[in-house]
Each structure stands twice: as structure tokens, then as C-alpha cells.
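Notes for the one structure printed next.
Lettering follows sequence order; numbering is per chain, from 1.
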Amino acid sequence: MAAKSLQSIRGIHDGLPAEVRVWQRIETAARKVFGTYAFSEVRLPILEPTELFVRSIGEATDIVSKEMYSFTDQGGDNICLRPEGTAGSVRAYLQGGLTRSGTQRWFYIGPMFRRERPQKGRLRQFQQIGVEMFGAAGPLEDIEMLAMAHAFLTELGITGLTIEVNSLGCAVCRPGYRDQLVGYLKQRAGQLCETCNERIEKNPMRVLDCKVASCQAQLGDAPEMVGHLCEGCETHFTGVKQGLDALQVPYRINARIVRGLDYYNRTAFEIVTDQLGAQGTVLAGGRYDGLVEELGGPATQAIGFAAGLERLSMLLGETEAAGVDVAVVALGDAALTYSLKQAALLRSEGLSVVHCGGGNAKRQFRVADRESARCVVVIGENEMHTGLVTLKDMATGNQHELSIAEVVQAISG
RNA sequence: GUGGACGUAGCUCAAUGGUAGAGCCCCGGCUUGUGAUGCCGGUGGUUGGGGGUUCGAGUCCCCUCGUCCACCCCA
């Protein structure tokens, strides 16, 4: 608590070694699994024109209306820190001229920014692992997307997750359903909570998953989107369900999943846990068939999802530090330079080596212990003369005089 | 943006309005070529910051910053 004036910004945290180890575990799993589905990594800008998100996410959404870090730069351009990854991906897809290059399967890992009040599982700078597929027509891509998300979380060994799937309909069937729902809600407006009354006009589907018990009590027979799908959406949704069944991907229909962002249609899904308090959504996504065209490209069906790295991390627990292979203890000033050379030799063989800094033996062994070194190589004047080193196994306490080559053999083998 | 809880040593936490402490960690010694277990000693704090009440504030009041939890919303 010492230096008060120099703190990171509220809700923006440091990734220190213990945390980053867990992130890397997640990233490794993502690269492995997404690779098996032939997805390629993209690295996209963190700064984007503000207009991009206004046009894609929707001006009325909370993200755009109050959560974006946007500002005017020295040249007068209105730019912002990206609040999510899909809009930028679409922008890059179009800008890169890839609309005639066949299906694009992308994933990315990186920070996103939203100026919200921080709480459990919610930060102002957070990291997402996102996946986008452009040129994804049928239910088949939806199925593979869900299967890939499932495989990813399975690879991580996270249990207690539920895959929830819904269909949000499309421009054909959603408006009619919406009207019907609004009518239903208006009849019961008196019994609904204050926020739900605000939601009736702004985002009526959100009323369906209100947490207030008295609201839920009113909504038992509320109309649901899945009961009002047009023929195209119905066929699509049925195809998705059949495919998931065939692949034995466990899921349940949650007719009350709502997507906050304007661009979603048809398949929407969330993978949720009950272990993270109010922020139970660990991974979420869906289809956004209209967005590419909306942003000036050719009509292109697309689907994607994003997972919150920090939320996943909270479900995994600590990852043990790798620990160094060898700690070098140099005894006597005469052996210092020589010991540095021996350390370099060990490193050139690929071992991870810490030099304990010379000085008294006890201190150096304590350093070796704190570094969780598997072995200590002791180098003093005796060793300099014989050309050998003393290798001590820190677990057993046994030690022998060996050549460097034998040390490498003993540790690697 | 709204509401609630909290902020004391590097960490985890004590201290009826009356001299700021403990455990762990760290450093040193017992042992100048041997760690993790022992014993002895030591460093470390403007009690988040600022103001107020009081003879006296870590403790009470106000403001501010931050953390956590929830709402809103979302990964």
C-alpha cells in the first residue's frame, strides 16, 4: 500500500506470473483445439474508429452508449479502445479483401475494454479468446462451433458447465414475436419491477430472464421466440439440435437467452457456471448473418463466440510454477567467472538455470530452494581444478561429482 | 451510474477513544563448501489519503481514492 499515487487504473489489473501461468494454460488449450478445427489466429487492432462499434453493436446498447473508452486523438479522429472483437474482425475481413477467399476461420486472444463498475469476473480491461467464422451458412457450422467450444472447455478440464442454446429468430420472425411479447408484458406491467418496465420498450426479451422472483412469477406463460420461429429459422434450429445430439454435445434449450448486441440472429448460446456469482457466463456467442453486409460488405453469413480469459482462469485455480532445472552455487570469488561459463553451457543444452549469485553457501542454497530448483550445481576451487562439478539432487540430498555433459544427461534423462 | 461491506507491516490479521502488535515472509547469527525441520537476533508502519470532533483518534464524523459484493449490463 506504499505508493498511493502510482496505481493501475480502477478495474485494470496486472497479470503477474502466477496469473499469467494460468492464462497460458488456457491459451495453449485454445490454440490446440482451435487448430484441430483449422482455425487461424489473427491479431487485430486494439484501437478502432468509434464509428465501427456504433454501427455494429448498436447505438442504444450500454456498451456503446456508456461503456466505451472513446476519445478524440490529436488529429481529430474519434477512436476508441475496442469493447469486443467481432466488429473489428468483420472490419478486417472486409478491409483485407477476403470476401472471395472462401470460408474464413479465425480466432484471437487479446484485451477488450469496457468502462463498467468492476466486480467479480468483471474488469474494465479483460481478455477474450474469440472465434469468428465468415461464410458459414447452414446449421453445420453452428454445430461445429458449439462442438469446438465444448472441446475447448473439455480440454481445460473445467466441469460443472452448462451449454445453453436458443434461437433469436431473424428479421422475418422476430419483429412479430417482439410485438406479441410487448403486448403480453404491457398487460402485466403493473406487476413487474421497475427495471422490467423500462425494458418493455427498450429490450423486451430481457424481461424474460429478470432475476426478481415476483417478475418470474408473472412470466410463466410468456411467449417465447422458439415458439414463433419462421420456417427458415425453425429448420435451422432443428438442424442445430440434431447435430448436437449426433455429436453428443450436451446442451439444454434456454429460450430466455438474450443477446445484448444488435447484430445477433438465429443461434445464440452461452456456456454458464454457477461458481462465479453474478457473472456466470464463461463463453457466449451466436450467429450474426447481417453484420458483414451492415458494415458495407457482401451478404455473408457468420457465427462466432468469445470466452472470458479471466473468468475461465477463476475456474481453474493455480498452476504450479515450472521450477528451474539447475541452480548454480559458486563458492569463492575465484570460481565466479568460471561458474558463469558453466551456467551458460547448461543453458545452451536447453536447461533452465538460475545463478545464485555467489557469496556464502548457505544463502545460495536458500536461493536454490526458493526457486524450486531440482538440482544444484556446486562450483568451487576444487571443481575448477578437476573440471567437474558437484551435482546435488535437492529432493534426495544426494550429490556426486560429474562432468557438465553428465549433468545434462542426468537432468534431461 | 445506483446500493452495501471493507481498507492497520511484503502477506494473513489483532489492538473497551489512552505507548500500534502477532504469525508467516525477508535479512543476519549459531554452522566462512550445503537448502527445506531447530535456536537466537534484526529490518520493516505518516493505520489508503485529506479534513473535523476530542486533553488524546487505527477506533467517532465528513470528503476522497481503492478493493470486494450486488443491481444495471455483460466475457
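Looking at heavy-atom distances under 4.0 Å, A:A284 makes contact with sugar-phosphate atoms alone, never a base. Contact annotation for A:V282: backbone-only contact, meaning every heavy-atom pair under 4.0 Å involves sugar-phosphate atoms and none involves a base.
Listed by first and then second residue, the ring-ring contact (aromatic ring centres under 6.0 Å, His included) pairs that reach into residues 139-164 of chain A are A:F34-A:F152, sequence neighbours excluded. For the salt bridge (charged side-chain N to carboxylate O under 4.0 Å, His left out) condition, the pairs that include at least one residue of residues 161-186 of chain A, sequence neighbours left out, are A:E164-A:R252, A:K186-A:E201. Within the structure, salt bridge (charged side-chain N to carboxylate O under 4.0 Å, His left out) pairs that include any residue of residues 52-61 of chain A do not occur (at least two apart or interchain). Applying the salt bridge (charged side-chain N to carboxylate O under 4.0 Å, His left out) test to pairs two or more places apart or on separate chains, those with a residue in residues 364-386 of chain A are A:D325-A:R374.
Taking a cutoff of 4.0 Å between a charged side-chain nitrogen and a carboxylate oxygen, A:R259 and A:E270 qualify as a salt bridge.
Between the side chains of A:N254 and A:N166, no donor-acceptor pair is found at a separation under 3.5 Å. Side-chain contact of A:E132 with A:Y108: a donor-acceptor pair under 3.5 Å is present, judged by distance alone.
Counting only distance, with no hydrogens or angles, the side chain of A:S313 and the backbone of A:L309 share no donor-acceptor pair below 3.5 Å.
A:E194 places its CD atom 13 Å from the P atom of B:C73, with the value rounded to the nearest Å. A:K66 has its NZ atom 11 Å from the P atom of B:U2, to the nearest Å. As rounded to whole Å, 15 Å separates atom P of B:U2 from atom CG of A:D62. A:F113 has its CZ atom 19 Å from the C1' atom of B:C73, to the nearest Å. At whole-Å resolution of the value, CZ in A:F269 and P in B:A75 are 11 Å apart. Distance, A:R122 CZ to B:C72 C1': 8 Å, rounded to whole Å. Residue A:F305 contributes atom CZ, which lies 12 Å from atom C1' of B:A75 at whole-angstrom precision. Atom-to-atom, CD of A:E84 to C1' of B:C73 comes out at 15 Å; the value is rounded to the nearest Å.
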Under 3.5 Å, N/O pairs linking protein and nucleotides 66-70 of chain B:
from: B:U67; atom 1: OP1; to: A:G11; atom 2: N; distance (Å): 3.1
from: B:U67; atom 1: OP2; to: A:R10; atom 2: NE; distance (Å): 3.1
from: B:C69; atom 1: OP2; to: A:K120; atom 2: N; distance (Å): 2.4
from: B:A70; atom 1: OP1; to: A:A278; atom 2: N; distance (Å): 3.0
from: B:A70; atom 1: OP2; to: A:Q119; atom 2: NE2; distance (Å): 3.2
from: B:A70; atom 1: N7; to: A:Q119; atom 2: OE1; distance (Å): 3.4

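For the P atom pair drawn from B:G29 and B:G21, the interatomic distance equals 27 Å after rounding to whole Å. Taking atom P in both B:C61 and B:A5, the straight-line distance is 12 Å, to the nearest Å. One C1' atom belongs to B:U59, the other to B:A14, and the distance between them is 13 Å to the nearest Å. When the C1' atom is used for both B:G18 and B:G35, the distance is 47 Å, rounded to whole Å. Between B:U31 and B:A36, the two P atoms lie 15 Å apart (nearest whole Å). As rounded to the nearest Å, B:C24 and B:A9 have C1' atoms that lie 12 Å from one another. On the P atoms, B:C25 is 7 Å away from B:U37, given to the nearest whole Å. Rounded to whole Å, the separation between the P atoms of B:U47 and B:G58 comes to 7 Å.
Under the ring pair (Phe, Tyr, Trp, His ring centres under 6.0 Å) criterion, A:H228 pairs with A:Y177, sequence neighbours left out. Looking at residues two or more places apart in sequence or on another chain, you find a salt bridge (Lys or Arg N to Asp or Glu O under 4.0 Å) between A:K66 and A:D62. Evaluation of the salt bridge (Lys or Arg N to Asp or Glu O under 4.0 Å) rule for A:K341 yields no partner, not counting sequence neighbours. In this view, A:Q128 and A:M112, A:R114, A:F126, A:A306 satisfy the side chain to side chain contact (heavy atoms under 4.5 Å, CB included) rule, not counting sequence neighbours. Every residue two or more places apart in sequence or in another chain that forms a side chain to side chain contact (heavy atoms under 4.5 Å, CB included) with A:A136 is listed here: A:M133, A:E141, A:R287, A:I303.
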Original post:
Which letter, B, S or -, goes with each nucleotide of nucleotides 30-44 of chain B from 5' to 3', with contact meaning a protein heavy atom under 4.0 Å?
Top reply: B--BBBS--------
Original post:
Could you write out RNA chain B as a dot-bracket string, with dots for unpaired bases, | for bases paired across to another strand, and Watson-Crick or G-U pairs counted at under 3.5 Å?
Top reply: (((((((..((((....[..)))).(((((.......))))).....(((((..]....))))))))))))....
